[in-house]
Structure formats: C-alpha cells, structure tokens
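What follows is a short report on a single structure.
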Amino acid sequence: MPELPEIEVLRRSLERRLLGRRVVRVRLRALALREPLDRRALRALGGARISALGRRGKYLLIALDDGRTLAVHLGMSGRLTLSPAAAAPEPHEHLAFELDSGERLRLRDPRRFGAAFVVPAGSLDDDAHFAHLGREPLGEPLAGAELARLAARGRGPVKSFLMDGRRVVGVGNIYATEALFRAGIRPDRGVRRIGAAAWERLARAVVEVLEQAIREGGTTLNDFTDGAGAPGEFQISLAVYGREGEACPRCARRVRRIVQSGRSSYFCPRCQR
DNA sequence: CGGTGGACCTGCTGGC
DNA sequence: TGCCAGCAGGTCCACC
C-alpha cells in the first residue's frame with residue numbers, strides 16, 4: 001500500500017501530535033507481522049518520550065529521547081493512526097502505544113506484511129533492515145547520471161530497477177509506473193537500452209511524482225490514511241496506474257497492462273517507448 | 001554477483 | 001444471489 005509519499009505524509013501528520021509525548025503503555029495483540037515481534041523490547045518502550053519522527057525509505061522512524069528508535073513498516077495493508085485510547089481496538093490492531101495525551105497510536109495490518117521493531121541507541125546504520133538500503137530520492141534530488149551509474153552493471157527491465165530498494169528507496173509499483181509514464185519510457189525496456197537523456201527525464205520524473213504525491217496527501221486506492229484518518233488525493237492524479245483500457249491523458253490511446261515479476265505495470269503504447 | 005519467481009497473509013471485487 | 005479466481009501499495013529468500 002504505502003510507498004515513500006504515503007509514509008512521508010504519515011510522518012508529517014503525526015509529528016506535531018507525537019513530539020514530546022510519553023509512552024505510557026504498550027499493547028501487543030499479535031505474535032508476529034512479517035517477522036516475530038520482540039515483545040520484551042517493544043514493552044520496554046514504556047516510559048520513554050518521543051523526541052523526533054523520521055523516515056528511511058518506507059520505514060517510519062519514531063525516535064525516543066533515550067536514543068532508541070521504534071521503526072514501523074506498513075507493508076501492503078498497514079495503517080498507523082492516533083485516536084482516543086478509550087476507543088475499542090480496531091480489527092487487526094496488532095500493536096498499540098498508549099500515550100500520556102490519552103491517545104493511542106494503533107498499528108493495524110490485515111495482511112501482516114508490515115514490521116515493527118526497536119533499534120537500540122546508536123545502531124540505526126548497523127541494523128540489518130537498513131544496511132543495504134539505497135539512496136533517498138528526495139532531499140538532494142536524484143540525478144540522471146546517478147541513475148545511469150546505479151544501473152550500469154545491471155540488466156533487466158527498468159521498472160524492476162526503479163523498484164529495487166538497494167538502488168533507490170521508496171519507489172513502489174504505483175510511483176515507478178507513474179514516473180515511467182511521465183518520462184515516456186516503457187516499463188519493460190531494458191536498462192541497457194536507456195540513454196543519458198532518458199535517464200535524466202526519469203530521474204526528474206521520479207522526484208516530481210513523489211513530491212506531487214506528498215503535496216496531495218498520498219494515494220488512497222483502498223485504505224491509506226494519514227495519522228488523523230484523512231485519505232490522500234493523488235489517486236485522482238494517476239495517469240496510467242490502475243487505468244487499463246482507459247484513454248491516455250496525453251494522447252487518448254488505450255492504456256495497456258502487462259505483468260512484470262508478478263506485478264501489474266500500466267503504460268501508454270504511444271507515449272512510452 | 002544479479003535477476004526472477006514464489007512465499008508470506010487477508011480481504012475485496014468482478015465475472016460467471 | 002452466491003461463489004471463487006484473481007488481484008492488491010512490499011520484502012525476503014532460494015534458486016539459476
């Protein structure tokens with residue numbers, strides 16, 4: 001479900017309401033998400049105060065004032081919301097943190113592809129979850145030459161390359177698809193057959209599509225919301241993702257769908273080569 | 001080393 | 001109306 005823009009929207013929406021809050025109590029209702037939950041380490045967050053909210057790729061990083069970090073990944077179906085502690089647990093609410101504000105930060109995840117774990121003080125860079133993650137595409141904006149360099153020893157289709165978190169983080173199926181449309185590149189084109197100009201267009205398209213999606217509150221296809229429960233609006237701006245058979249917004253040709261590595265790709269056969 | 005395909009889960013939808 | 005195949009925003013690992 002959530003790619004970089006959704007996690008960034010979530011981070012910003014939770015930041016104001018979580019900073020300075022103390023964790024009063026930790027509630028665990030599941031043994032594992034995509035990996036076992038470390039009950040002892042999670043429970044031991046009780047008493048700590050939240051000092052910062054960060055993000056690395058698709059991981060939300062909740063920093064505590066003693067240096068520990070609570071890392072949360074939403075997988076495909078995860079949601080993280082803040083609501084009054086008195087409200088009953090919601091379906092698939094596997095993990096929750098009661099705060100001194102009288103609210104509860106709730107992690108729901110029907111498919112349990114997400115993750116939640118505690119990173120000890122000072123070891124964020126060493127943690128195996130983050131060790132091999134690639135470059136953040138925003139901040140210092142991604143450049144075409146850099147994409148070309150990252151792909152230099154690779155083969156295979158450009159869409160798989162874009163979605164490979166060891167190269168560039170945060171770009172999933174929706175935003176890889178949309179960036180390729182904006183850059184005019186077919187998702188099944190091999191990285192070996194992409195020239196400098198196309199890499200430049202692609203780098204710019206990735207940055208633009210991610211930034212626009214953040215501005216528009218993320219993409220809500222089914223159930224994404226920010227920390228307050230508000231849906232995003234970028235789904236209105238999707239040019240081709242999920243639009244098989246519809247008219248290309250640029251040339252009105254029918255959008256095609258193909259399957260690559262088991263994932264759907266959508267593209268315009270006229271605008272993308 | 002790099003790339004692919006399957007596994008991990010539950011829930012919803014669309015076609016019959 | 002009801003059932004079920006197919007599909008879903010991600011990641012990891014075994015295998016070639």
Side-chain angles (χ1 to χ4, degrees), chain A residues 1-10 29-37 55-60 71-80 90-95 107-117 127-134 149-180 187-193 206 209-210 213-214 216-226 231-245 257-266:
Chain A
M1 145 196 307
E3 304 181 31
L4 184 153
E6 287 72 37
I7 305 306
E8 182 60 23
V9 166
L10 182 64
R29 309 179 73 229
L31 291 175
L33 299 179
R34 77 171 186 236
E35 58 193 54
L37 291 170
R55 179 189 57 73
R56 176 75 174 102
K58 298 168 188 167
Y59 289 91
L60 180 71
V72 176
H73 195 290
L74 298 185
M76 293 278 264
S77 59
R79 302 178 64 179
L80 193 64
E90 309 194 50
H92 303 288
E93 185 181 306
H94 305 307
L95 176 63
L107 177 61
R108 301 161 58 184
D109 185 2
R111 295 177 73 181
R112 302 199 300 278
F113 287 172
F117 53 94
D127 188 283
H129 294 89
F130 309 116
H132 55 270
L133 287 186
R149 185 174 54 72
L150 288 169
R153 257 170 295 284
R155 293 188 312 286
V158 61
K159 179 162 175 266
S160 304
F161 164 73
L162 266 189
M163 291 175 65
D164 183 349
R166 294 169 302 180
R167 310 282 188 252
V168 176
V169 296
V171 182
N173 205 29
I174 292 180
Y175 298 109
T177 297
E178 290 293 305
L180 287 163
D188 55 356
R189 180 131 144 233
V191 292
R192 301 309 328 266
R193 309 214 334 284
V206 166
V209 77
L210 295 177
I214 292 169
E216 297 182 9
T219 299
T220 300
L221 292 181
N222 195 16
D223 56 6
F224 168 74
T225 66
D226 70 12
E233 295 185 339
F234 189 77
Q235 62 278 10
I236 298 165
S237 301
L238 294 173
V240 290
Y241 183 86
R243 299 198 187 282
E244 181 182 20
R257 171 182 177 269
I258 58 175
V259 176
Q260 298 179 270
S261 303
R263 319 290 304 271
S264 289
S265 296
Y266 304 85

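Note on naming: letters A, B, ... go to the chains in the order of the sequence lines (proteins, then strands), and numbering restarts at 1 for each one.
Neither OP1 nor OP2 of C/dG10 sits under 4.0 Å from any side-chain N or O of A/H73. Close to C/dG9, at under 4.0 Å from its OP1 or OP2, lies a side-chain N or O of A/N173. Contact check, A/H92 against B/dG11: a side-chain N or O comes under 4.0 Å of OP1 or OP2. The phosphate of C/dG9 has neither OP1 nor OP2 within less than 4.0 Å of any side-chain N or O from A/K58. Residue A/S264 has a polar side-chain atom (N or O) positioned under 4.0 Å from OP1 or OP2 of C/dA8.
You'll find that the side chain of A/F113 is closest to C/dG10, out of B/dG11, C/dA8, C/dG10. Of the candidates C/dG9, B/dG3, C/dC12, the closest approach to any side-chain atom of A/R167 belongs to B/dG3. Comparing C/dA8, C/dC12, B/dT10 against the side chain of A/R112 picks out B/dT10 as the nearest. With distances taken from any side-chain atom of A/R34 to the nucleotides C/dG9, C/dA8, C/dC12, the minimum falls on C/dC12. In this structure, the nucleotide among C/dG10, B/dT10, B/dG3 sitting nearest to the side chain of A/M76 is C/dG10.
For A/Q260 and A/P110, each mapped to the nucleotide of DNA chain B holding its nearest heavy atom, the one lying further toward the 5' end belongs to A/Q260. In terms of position on DNA chain B, the residue among A/R153 and A/S261 whose nearest nucleotide sits closer to the 5' end is A/R153.
One can place CG of A/L33 at 22 Å from P of B/dA7, the figure rounded to the nearest angstrom. Distance, A/L210 CG to C/dG9 C1': 13 Å, rounded to whole Å. Distance OH (A/Y59) to C1' (C/dT11): 7 Å, rounded to an integer number of Å. For the pair A/E244 CD and C/dA8 C1', the computed distance is 15 Å after rounding to whole Å. In this structure, the CD atom of A/E3 is 9 Å from the C1' atom of C/dG10, given to the nearest Å. Note: CZ (A/R56) to P (C/dG10) measures 16 Å, nearest angstrom. Atom NE2 of A/H129 is separated from atom P of C/dG10 by 17 Å (rounded to the nearest Å). Atoms NE2 (A/H132) and P (B/dC1) sit 13 Å apart, rounded to a whole Å.
Taking only distance into account, the side chain of A/R111 meets the base of B/dC9 through a donor-acceptor pair shorter than 3.5 Å. The base of C/dA8 lies outside donor-acceptor range of the side chain of A/R263, with no N or O pair under 3.5 Å.
A/D109 and A/L74 make their closest contact through OD2-O, 4.2 Å (heavy atoms, listed as atom of the first residue, atom of the second, distance).
When both pairing distances are held under 3.5 Å, B/dT13 makes a Watson-Crick or G-U pair with C/dA5. Across all strands shown, B/dG5 forms a Watson-Crick or G-U wobble pair, both distances under 3.5 Å, with C/dC13.
Here the side chain of A/R56 pairs a donor or acceptor atom with the backbone of A/L133 at under 3.5 angstrom. Under a 3.5 Å cut-off, the side chain of A/E216 and the backbone N or O of A/S237 do not form any donor-acceptor pair. Remark: the backbone N or O of A/S160 is not paired with any side-chain donor or acceptor of A/Q260 at under 3.5 angstrom.
Contacts of A/Y175 with the nucleic acid, taken as non-hydrogen atoms under 4.0 Å apart, are absent. Here A/N222 lies in heavy-atom contact (under 4.0 Å) with a base. Contacts of A/G154 with the nucleic acid, taken as non-hydrogen atoms under 4.0 Å apart, involve only primed sugar atoms and P, OP1 or OP2. In this structure, A/P157 reaches the sugar-phosphate backbone alone: every heavy-atom distance under 4.0 Å involves primed, P, OP1 or OP2 atoms, never a base.
For A/F234 and A/Y175, the gap between ring centers is short of 6.0 Å.
A heavy-atom distance below 4.5 Å is not found between the side chains of A/L95 and A/L33.
Across the P atoms, B/dC8 and C/dC4 are found 22 Å apart, a figure rounded to whole Å.
Other residues, nucleotides and ligands contribute only 12 or fewer heavy atoms inside 6.0 Å of the CZ atom of A/R192.
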